[in-house]
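Just so we're on the same page: letters track the sequence lines, and every chain starts at 1. As the structure is a prediction and not an experimental result, all values here were calculated from the model.
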Amino acid sequence: MYTQSMDTQSAEGQPGKADGAGPEEQRFQATVDAEGKIEPRDWMPEAYRKTLLRQISQHAHSEIIGMLPEGNWISRAPSLKRKAILIAKVQDEAGHGLYLYSAAETLGQSRDQMMDALHTGRAKYSSIFNYPTLTWADVGAIGWLVDGAAIMNQIPLCRCSYGPYARAMIRVCKEESFHQRQGFDIMLSLCKGTAEQKAMAQDALERWWWPVLAMFGPPDAASVHSSQSARWKIKRVSNDELRQKFVDATVPQAELLGLEVPDDKLEWNAQRGHYDYGDIDWDDFWRVVNGEGPCNKERLAARVKAYDDGQWVRDAAMAYAEKQKAKRHKEVA
Amino acid sequence: MSEAEKPGGTGGGTPPVQEWPLWEVFIRSKQGLDHKHCGSLHATDAKQAIQMARDVYTRRNEGVSIWVVPSAAITASDPGDRESFVDPMADKIFRHPTFYDLPDELKHM
């Protein structure tokens, strides 16, 4: 699963200036220009570090919060097979969160600091997880559409200039394909089922389509940080390009399912070789990003509760490890 | 991801209260191959680190053997010295077999 474009927040640092860059910065940019990788202890501009730290930690938070809407359905999955698959998928998301937190930690922020930023609302996560999962078909729609959008977004990130992030993304992308297919498989089963089941699938598509398109982030014309991120080879493909790619890939899949994409303006444009699509409700997007979505409060509260409820487990595990260590020291002495 | 790879400065803010130590994970993908670094994780002790590494890094048969090493135990070379550190090896091209011109008549060597 993926977080939307990171252009939704202002950068904490100022983009590095090309003019008057010191020898270190010139060497850094030369490495990036030559498609080389930057590793944790290499010199990097402070703004590059901050941009990455913000993007990677928000990406990690999205993986963790993303477990909540689907986790809701584990106990209600329609069969043992679907339940086992869903558990495996949610477990993958936890793993993705961990790979990403580890990558972010190399930039000099502790896990606890990142957790704290999430729990106090200072850090954002993808707005898509602030929509509710009302029916089982939503679990299918999330896998098919949300994870499908994630793949579009994450594949170029495998070539990101920052080594640890690129390596984490390669691992994530390998696993993501299963997520999309299991979602499509749920949709396919529903569409082959009773009229009621098919209506459920249609309803889920209608509710998720527009939020998923918005997930790619604001239109290129309104994106503030894209050019700097592109120069640093953090973001290689623009929001609008990714969105178009997603629409082009997904519309034929909907047709195959026999579902109707909820967009009157959706039409194949032979001249462009792409689908034209309607206007995205950016007001809704910003409302959700800024905390007024249907589930913002619920998601964060569930996350904080899980963390607080688990505190005694973390404390006990640490106390046990220390006790064992003391015991070993005593035996040696 | 290792402690050794961490930059000098920290991100600022409050120091961790009691964060579990960081471990580096190495996986042997199959018998006969080297263990290879694949990532890191937090765990209270070595036993827990092994169990977590199994859950996190080998969910799809990625490995037959796991090593975990406390990140703090790794000593790394200094990236600032990279050029002078590696340079002395680069100019000794006679160490490579391709340096030597051999007569065409020589078929196998």
Enquirer: Check whether any side-chain heavy atom of B:Leu22 lies under 4.5 Å from a side-chain heavy atom of A:Glu105, and answer yes or no.
Expert: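 Yes, close enough: below the 4.5 Å cut-off.
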
Enquirer: Among residues two or more places apart or on two chains, list those pairs meeting salt bridge (charged side-chain N to carboxylate O under 4.0 Å, His left out) that have a residue in residues 43-60 of chain B.
Expert: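 Every salt bridge (charged side-chain N to carboxylate O under 4.0 Å, His left out) pair that includes a residue of residues 43-60 of chain B, provided the two are not neighbours, is A:Asp92-B:Arg59, A:Asp92-B:Arg60, A:Glu175-B:Arg59, A:Glu175-B:Arg60.
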
Enquirer: Are A:Met318 and B:Pro21 side-chain neighbours, meaning at least one heavy-atom pair lies under 4.5 Å?
Expert: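 Side-chain contact under 4.5 Å: yes.
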
Enquirer: Supply the atom-to-atom distance A:Arg111 CZ to B:His42 NE2, rounded to the nearest 0.5 angstrom.
Expert: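 So the gap between those two atoms works out to 4.0 Å.
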
Enquirer: Could you walk me through whether B:Trp20 and A:Asp112 satisfy the side-chain contact (heavy atoms from CB on, under 4.5 Å) test, starting with their C-alpha distance in whole Å, then the side-chain angles of each, then the deciding distance to 0.1 Å, before giving a yes or no?
Expert: CA-CA 10 Å; B:Trp20 288 357; A:Asp112 283 352; over 6 Å; no

Enquirer: Is the number of heavy atoms from other residues, nucleotides or ligands within 6.0 Å of CH2 (B:Trp67) greater than 12?
Expert: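 No, CH2 of B:Trp67 has 12 or fewer neighbouring heavy atoms, counting only those of other groups under 6.0 Å.
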
Enquirer: According to the salt bridge (charged side-chain N to carboxylate O under 4.0 Å, His left out) rule, which pairs have a member within residues 306-324 of chain A, sequence neighbours left out?
Expert: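 For residues 306-324 of chain A, and leaving out neighbouring residues, the salt bridge (charged side-chain N to carboxylate O under 4.0 Å, His left out) pairs sorted by first residue read A:Lys305-A:Asp309.
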
Enquirer: From A:Gln113 CD over to B:Glu19 CD, what is the distance, rounded to the nearest 0.5 angstrom?
Expert: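 If I round to the nearest 0.5 Å, the distance is 8.0 Å.
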
Enquirer: Could you state the interatomic distance from OH (A:Tyr99) to OG (B:Ser40), rounded to the nearest 0.5 Å?
Expert: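 The OG atom of B:Ser40 is 12.0 Å from OH of A:Tyr99, to the nearest 0.5 Å.
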
Enquirer: Which heavy atom in A:Arg171 sits nearest to a heavy atom in B:Cys38, and how many Å separate them?
Expert: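 Where A:Arg171 meets B:Cys38 most closely, the heavy atoms are NH2-O, 2.6 Å.
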
